[in-house]
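See below for the structure under consideration.
We number each residue from 1, following the sequence as shown. These values consider heavy atoms only, across backbone and side chains, with no hydrogens, waters or symmetry-generated copies.
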Amino acid sequence: VRLVESGGGFVPPGTALTLSCTRSGSVFDVKRMNWYRQSPGKERELVASVTPAGNTNYADSVKGRSDISMDNAKTAVYLQLNRLKPDDTAVYYCMQEIQYYRGNSDYAELWGQGTLVTVPS
């Protein structure tokens, strides 16, 4: 079971992009899907999260200009970022909280390899 992110790149300020994260392999359950990001010299921060019920949470830095969504199959998560700023430059990581098998007591964190978003100043 692994995650693969895509959608990063070099994008002009003020534009939008959509990041995708797809899981290969089946799991028993998904608790939540998340997007994190890490800028040079900074700690990794939570950008947005979504539950299968559709509950979402956003960092203040992206609130009002971003949208996170999960597909019905609970295999993929998307992050749309609008009005991009140079401060959005970071490696974006997808993380899914999953149970591999029925009977697992805890949810494991499954991380992707990251995708780089660069917004020039």
Hydrophobic cluster membership, with links at side-chain heavy-atom distances under 4.5 Å among I/L/V/M/F/W/Y: are [X] and [Y] in one?
X	Y	answer
Leu17	Tyr58	yes
Val30	Phe28	no
Met33	Tyr78	no
Val62	Val11	yes
Met95	Val47	no

Distance check, rounded to the nearest 0.5 Å: [X] atom [atom1] versus [Y] atom [atom2]?
X	Y	atom1	atom2	result
Thr115	Leu79	OG1	CG	11.0 Å
Asn82	Asp88	CG	CG	10.0 Å
Leu81	Arg65	CG	CZ	6.5 Å
Leu19	Cys94	CG	SG	9.5 Å

Name the orientation class of the two ring planes belonging to Trp111 and Tyr36 (parallel below 30°, tilted from 30 to 60°, perpendicular beyond 60°).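 Trp111 vs Tyr36 ring planes: tilted.
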Do [X] and [Y] come close enough that some side-chain heavy atom pair is under 4.5 Å?
X	Y	answer
Lys74	Asn72	no
Val27	Val1	yes
Arg23	Leu110	yes
Pro13	Pro120	yes
Phe10	Val119	no

For a side-chain contact (heavy atoms from CB on, under 4.5 Å) check, start with the C-alpha distance between Tyr92 and Cys21, then their side-chain angles and the critical distance, and finish with the verdict. CA-CA 10 Å; Tyr92 285 73; Cys21 168; over 6 Å; no
Counting only N and O atoms by type, is there a donor-acceptor contact under 3.5 Å from the side chain of [X] to the main-chain atoms of [Y]?
X	Y	result
Gln96	Glu109	no
Asn104	Tyr100	yes
Asn57	Ser49	no
Gln38	Val91	no
Glu5	Gly114	yes
Ser39	Thr89	yes

Find out whether the Lys NZ or Arg CZ of Arg37 is both under 6.0 angstrom from the six-membered ring centre of Tyr93 and within 45° of the ring's axis.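 The answer is no; the distance or angle limit is not met.
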Report the C-alpha distance between Val50 and Asn55 in whole Å, list the side-chain angles of each, state the deciding distance to 0.1 Å, and finish with yes or no for side-chain contact (heavy atoms from CB on, under 4.5 Å). CA-CA 5 Å; Val50 61; Asn55 298 310; over 6 Å; no
For Lys63, does the NZ atom sit with more than 12 other heavy atoms under 6.0 Å from it, leaving out its own atoms?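 Yes, enclosed.
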Salt bridge (Lys or Arg N to Asp or Glu O under 4.0 Å): which pairs involve residues 90-106, sequence neighbours left out?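 Every salt bridge (Lys or Arg N to Asp or Glu O under 4.0 Å) pair that includes a residue of residues 90-106, provided the two are not neighbours, is Arg32-Glu97.
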Taking it one step at a time, do Asp87 and Ser61 satisfy side-chain contact (heavy atoms from CB on, under 4.5 Å)? CA-CA 9 Å; Asp87 284 348; Ser61 57; over 6 Å; no
